[in-house]
Amino acid sequence: MLQVAFLRDHKQDVISRLAKRNIDAADDINKAIDLDEDRRTIQTKLDNTKAESNTLSKEIGSLFKAGQVQKANVLKAKTTELKETTKSLEQELNLKVEALNELLYKIPNVPNTIVPSGNTDEDNEETFREGEIPQLYDGALPHWELAKKYDIIDFELGNKITGAGFPVYKGKGARLQRALITYFLDKNTEAGYTEYQVPHLVNEASGFGTGQLPDKEGQMYHVTADNLYLIPTAEVPATNIFRDTLLNESDLPISITGYTPCFRREAGSYGAHVRGLNRLHQFDKVEILRVEHPDNSYKALDGMVEHVKGILNELKLPYRILKLCGGDLGFTSALTYDFEVFSTAQDRWLEISSVSNFETFQANRLKLRFKNSEGKNELCHTLNGSSLALPRVLAGILENYQTEEGIKVPEVLIPYTGFDMIS
RNA sequence: GGAGAAAUGGCAGAGUGGUCGAAUGCACCAGUCUUGAAAACUGGCGAGGGUCACACCUCCGGGGGUUCGAAUCCCUCUUUCUCCGCCA
């Protein structure tokens with residue numbers, strides 16, 4: 001969420017930049033500023049009332065000690081009114097705070113100035129392209145056919161055990177996926193990211209901290225008996241490591257990576273585009289996450305993009321990078337680069353990574369701060385990205401590396417798989 | 001799952017109704033002494049809101065209550081520890 005003080009000080013700028021998301025936030029922002037004004041007025045009144053009763057209480061205390069019970073009782077009577085005032089002011093204050101928060105939760109992050117305007121994913125700006133699109137043999141298959149042909153992923157079995165969107169990986173398919181996970185984690189730790197293993201279920205406070213709650217609970221599986229949520233991404237537990245944290249400036253930057261399964265309800269989407277591995281209820285992902293000094297976060301974002309590029313270059317997959325336009329930008333992000341791998345057999349681009357700078361948007365909600373050189377507490381910037389989402393990378397490999405003899409294993413993965421061909 | 005104990009500043013640890021935002025020790029910062037360091041001594045040292053700066057308000061695991069007044073009493077939740085049970 002944005003800070004009210006920031007809205008107040010940069011109102012016009014915020015409104016015009018939010019317009020890139022095709023939203024007119026002027027009303028909400030004005031309301032928020034007004035509510036904050038009211039809130040502070042009430043707060044001051046409340047503080048003064050409390051100060052008064054504190055003073056009285058102290059006097060009563062010393063009168064009792066001095067044995068002047070009658071005088072004390074006179075003062076006691078006086079406090080009754082103050083108590084009532086306090087109570088009603090508190091109620092008023094709560095109403096204002098709730099109304100203010102409700103508004104602030106609704107306002108998305110302010111896009112960076114370099115975010116292109118646009119409405120849909122068609123308006124995203126391609127900034128980079130690498131890798132050759134392979135010429136496949138006649139009769140090349142989409143990955144769900146390949147999965148069946150070589151018996152490496154069983155979608156029907158998943159249907160039986162759980163339901164649609166929960167595939168079962170078998171034999172070399174399972175091994176290839178595990179190889180990719182290990183390979184990604186190795187690349188990330190080599191680049192200075194510390195590997196973490198985090199819980200796969202989170203509590204309400206964590207879901208709130210990263211913004212899935214209160215509005216997007218439909219995205220997550222909810223374990224009602226214990227009021228826990230299955231994570232939709234490692235971002236949730238990994239970012240909440242830093243909830244309510246005050247860091248030293250010298251602790252920054254923090255770079256962590258972790259592998260987790262991800263669970264998404266993704267209700268109501270079926271069809272060709274979600275076939276096979278394209279869209280699942282459970283999938284694996286390796287995530288990278290950084291906590292940065294505000295002065296350094298965009299440099300860090302570039303570094304993350306370069307890092308993911310390095311991995312895709314090594315895998316020799318054809319990919320492109322898109323700078324997301326305002327209309328396609330995630331709610332919490334200020335700037336996002338998407339990576340897409342070209343799936344030759346499906347003849348389409350598949351999103352495999354999304355790298356974002358959230359600036360202070362998450363940190364504000366998380367209360368993630370550092371003590372700056374002036375000794376003041378300042379919000380950190382948070383960033384994260386996938387490196388990478390497994391199913392679509394797997395799909396890309398199966399489809400782009402297929403030959404008539406079988407599916408070749410990318411060279412960098414052979415040490416991890418122990419085989420060089422799926423046939 | 002059952003029984004019991006506990007949760008206080010960076011850490012340790014006092015505090016059971018009123019000058020307690022909280023003793024003391026360690027750690028940390030500054031200074032004195034010293035060629036330098038250590039030791040010793042002196043001073044400072046939690047967080048959030050608010051203010052130009054003060055004042056002032058809030059915070060002793062979370063939430064609620066009793067009271068003129070709560071770290072202290074009551075209710076509730078969470079977590080930790082000990083013992084028993086179960087278990088990869």
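First the proteins, then the strands, lettered A, B, ... as listed; each starts at 1.
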Open item on the list: Looking at B/A47, I'd like to know if its phosphate oxygens (OP1 or OP2) sit under 4.0 Å from a side-chain N or O belonging to A/K371.
Closed with: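 Checking A/K371 against B/A47: at least one side-chain N or O falls below 4.0 Å of OP1 or OP2.
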Complement of [N], any strand, by Watson-Crick or G-U distances under 3.5 angstrom:
N     : answer
B/C54 : none
B/C83 : B/G2
B/A23 : none
B/C73 : B/G65
B/A38 : none
B/U78 : B/A7
B/C59 : B/G46

Using the [atom1] atom on both, measure [N] against [M] and round to a whole Å.
N     : M     : atom1 : answer
B/U72 : B/C59 : C1'   : 16 Å
B/C57 : B/U8  : P     : 26 Å
B/U78 : B/G61 : C1'   : 8 Å
B/C26 : B/U76 : P     : 42 Å
B/C54 : B/C60 : P     : 24 Å
B/U24 : B/U42 : P     : 13 Å
B/G85 : B/A12 : C1'   : 35 Å
B/A38 : B/A53 : P     : 36 Å

Task: Near-ring test A/F358/A/H381, centroid separation under 6.0 angstrom - done: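 For A/H381 and A/F358, the ring centres are not under 6.0 Å apart.
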Open item on the list: Salt bridge or not between A/R17 and A/D13? Use side-chain N to carboxylate O under 4.0 Å.
Closed with: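 Looking at A/R17 and A/D13, the cut-off is met.
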Task: Contact list for RNA chain B against residues 238-250 of chain A - heavy-atom distance below 4.0 Å - done: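 Here the set is empty: none.
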- [ ] Output the residues of residues 83-106 of chain A in contact with RNA chain B, where contact means a heavy atom of the residue under 4.0 Å from an atom of the strand; sort by number or write none.
- [x]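 Those residues are A/K83.
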Any N/O pairs under 3.5 Å between the protein and nucleotides 15-21 of chain B? List them or say none.
residue	atom	partner	partner atom	Å
B/G18	N2	A/S57	O	2.8

Whether [X] and [Y] hold their rings parallel, tilted or perpendicular, with breakpoints at 30° and 60°:
X      : Y      : value
A/H307 : A/Y193 : tilted
A/H222 : A/Y229 : parallel
A/H293 : A/F370 : tilted

Task: Reading 5' to 3' through nucleotides 49-61 of chain B, protein heavy-atom contacts under 4.0 Å coded B for base, S for sugar-phosphate only, - for none - done: B------SSS---
Contacts under 3.5 angstrom, residues 321-328 of chain A side chains, donor-acceptor by atom type, not counting sequence neighbours:
residue	atom	partner	partner atom	Å
A/D328	OD2	A/N124	ND2	3.0

Open item on the list: Going by side-chain contact (heavy atoms from CB on, under 4.5 Å), name the residues that satisfy it together with A/R8, two or more places apart in sequence or in a different chain.
Closed with: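 For A/R8, the residues satisfying side-chain contact (heavy atoms from CB on, under 4.5 Å) (neighbours in sequence not counted) are A/A5, A/I33, A/D36, A/R40.
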Task: Residues that A/Q219 engages under side-chain contact (heavy atoms from CB on, under 4.5 Å), provided they are two or more places apart - done: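 In terms of side-chain contact (heavy atoms from CB on, under 4.5 Å), with neighbours along the sequence ignored, A/Q219 is linked to A/Q212, A/P232.
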Open item on the list: Can a side-chain donor-acceptor contact be found between A/S354 and A/D338 if the only test is distance below 3.5 angstrom?
Closed with: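 Distance-only check passes for A/D338 and A/S354.
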- [ ] Just jot down the side-chain hydrogen bond (donor to acceptor under 3.5 Å, both in side chains) partners of A/K299, sequence neighbours excluded, or say none.
- [x]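 Per chain and number, A/K299 pairs via side-chain hydrogen bond (donor to acceptor under 3.5 Å, both in side chains) with no residue.
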TODO: Apply the test side-chain contact (heavy atoms from CB on, under 4.5 Å) to residues A/Y298 and A/D302: give CA-CA distance (whole Å), side-chain angles for both, the deciding distance (0.1 Å), then the verdict.
DONE: CA-CA 6 Å; A/Y298 279 95; A/D302 291 342; 5.6 Å; no
List the atom pairs, with distances to 0.1 Å, where a side-chain N or O of residues 98-106 of chain A and a protein N or O form a donor-acceptor pair under 3.5 Å, not counting sequence neighbours.
none

Under 3.5 Å, sequence neighbours excluded: what are the donor-acceptor pairs made by side chains of residues 84-91 of chain A?
residue	atom	partner	partner atom	Å
A/T85	OG1	A/E81	O	2.9
A/T86	OG1	A/L82	O	2.7
A/S88	OG	A/T85	O	3.2

- [ ] Kindly write out the residues that satisfy salt bridge (Lys or Arg N to Asp or Glu O under 4.0 Å) with A/K187, not counting sequence neighbours, or none if the list is empty.
- [x]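 Here the qualifying residues are A/E314.
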Can you give the donor-acceptor pairs under 3.5 Å from side chains of residues 250-257 of chain A to other protein atoms, not counting sequence neighbours?
residue	atom	partner	partner atom	Å
A/D251	OD2	A/N248	N	2.9
A/T257	OG1	A/N188	ND2	3.0
A/T257	OG1	A/E287	O	2.8

